[in-house]
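Every number for a ligand or one of its atoms is a count from 1 in the order of the listing.
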Amino acid sequence: MVRVRFAPSPTGALHIGGVRTALFNYLFAKKHGGDFLLRIEDTDQNRYVEGAEQYIINSLNWLGLTYDEGVGKEGKHAPYRQSERKPLYKQYADTLINNGWAYYAFDTAEALEKARQQYEEKGDTFIYNWATRNTLENSLSLTSEEVQQRLTRGDAYVVRFKMPEKEILKMSDMIRGEVTIDTSTLDDKVLFKSDGMPTYHLANIVDDHLMEITHVIRGEEWLPSMPLHILLYRAFGWQAPAFAHLPLILKPVGNGKLSKRDGIKLGFPVFPMDWTENGETLRGFSGEGYFPEALINFLALLGWNPGNDEEIFSMDELILLFDLEKVHKAGARFDPEKIKWFNHQYLQKKSDAELAAAFQKELITKGIEVASTKVEKIVSLIKERATFVADFWELSKFFFEAPKKYDEKAVKKQWKENTPTIVREVIEVLQNTSVFSSVALEEAVKNYMETKQLGFGQVMPPLRLALVGELKGPHVFDIIELIGKEETLRRLETILSFIK
Ligand code: GLU
């Protein structure tokens, strides 16, 4: 039974890389008929940010990444918030001390800083490990009486992992294959603090074990922690889960990881939803008008593809096709134009009724009340050119109000000496056409052009200018039909009196 977890720390808005981690966990779980858990890793109280947990939950809900167990959906391994599991961890730290895999360390921050400086002066780097631990204040260097004394006295301590010396540790990662490291280069990480709180490493391993996690799927930034985690499983005598470290998400241009600042600088969201921090609101994909399906599809292809040229996938198709072992090792470049393209594609797939309902909300805020059937018709004519519902107004405002000005360049180019005569004659044709439909009107105007031996270029651009104000928009006769006879004639008269 596959069981995976998304284990974010509530330290701020959930970055898009975290969302992709959640998605890949979700896809993997669903593909194998397994469980997807949400565990909140909030043991580091200095980094705790109010509202971040709710933001994570809202984002997962918005994206349809429904978890089977987790905060708010307590299953048999509850609670799922690490701060609420606090009493549980100490016994595991004790176990490691008792079996020789961990030790107490009493070094003060100042003492460690001093050691660091001394090493730096010699051009070396200080590492708390096999090479230095005997010269520092810990239960390996002090006598057991001294250690006991200090503990009884209530001296501050941390529990450190005793990283083995000179072991070539071979590990396997589902994406990277075999990974090897010499443990002599690693440090004795802190696992537990005397305030009773475990660090990330201990809590993460204990919880993954207790929650019966089978696969750990997380970002590449956690790859350096894999040796410690594997050794912790060994130290506890537990079977380690499989590991898969997902590639980084890279900046659109230049080197390095995509950051919050890139989004601000280049003007695109890097968060799923809006997030307010220090009085400043950072727009998220949802606030910018992206559809959750578009974001999911886009993120799924950041570091993975099914091996063909296809790009549009529903969640169900992704679940079917997803293969963790086909995830790439190399970083995936974030392309803000590509997500726009996906949004455009998904907008086209939506029904006119759904889009019209969304658009109508905006129209109402503008004080425009139009029958929904008409809005649907308008949407069907313009959506092809829209990426967001928010584009609709610019693409269609002439359906609701007469142009307030005319594109000067276009007027200069298209408005000829005989244009007023042509417009007058078209007015007559429109008045005399009994059926006011796009097809009938087009035929009538075409007949008129033939009789007068006029080309399209002489008739259509001036008409479009009169109706739209510029040389844009859908088929002219569709516009005419929708705005109606009276309004069309009024706009044609207006342009005649305006351009002299
Ligand atoms: N709490 C860690 C994070 O914020 C979890 C890393 C992991 O999945 O092990 O990403």
Where does the angle between the aromatic ring planes of His32 and Phe28 fall among parallel (under 30°), tilted (30 to 60°) and perpendicular (over 60°)?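 Taking Phe28 first and then His32, their aromatic rings sit tilted (interplane angle of 30° to 60°).
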Give me the ring orientation class for Phe334 and Phe285: parallel if the planes are under 30° apart, tilted from 30 to 60°, perpendicular past 60°. tilted
A side-chain contact here means heavy atoms from C-beta on lying under 4.5 Å apart; do Pro198 and Tyr92 qualify? no
Can you list the ligand 1 atoms lying under 4.0 Å from a non-hydrogen atom of Glu41? 1 (N), 2 (C), 5 (C)
Taking 4.0 angstrom as the limit and counting only heavy atoms of Asn204, give me the atoms of ligand 1 inside it, by number and element.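 Ligand 1 atoms under the 4.0 Å threshold to Asn204: 7 (C), 9 (O).
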Atom 8 (O) of ligand 1: nearest protein contact (heavy atom, Å):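 Looking at atom 8 (O) of ligand 1, the protein heavy atom closest to it is Arg5 NH1, 2.7 Å.
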Glu212 with Arg5: basic N within carboxylate O range, under 4.0 Å: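 So Glu212 does not pair with Arg5 through a salt bridge.
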Ala7, any N or O under 3.5 Å of ligand 1 N or O: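 It does: an N or O of Ala7 is found under 3.5 Å from an N or O of ligand 1.
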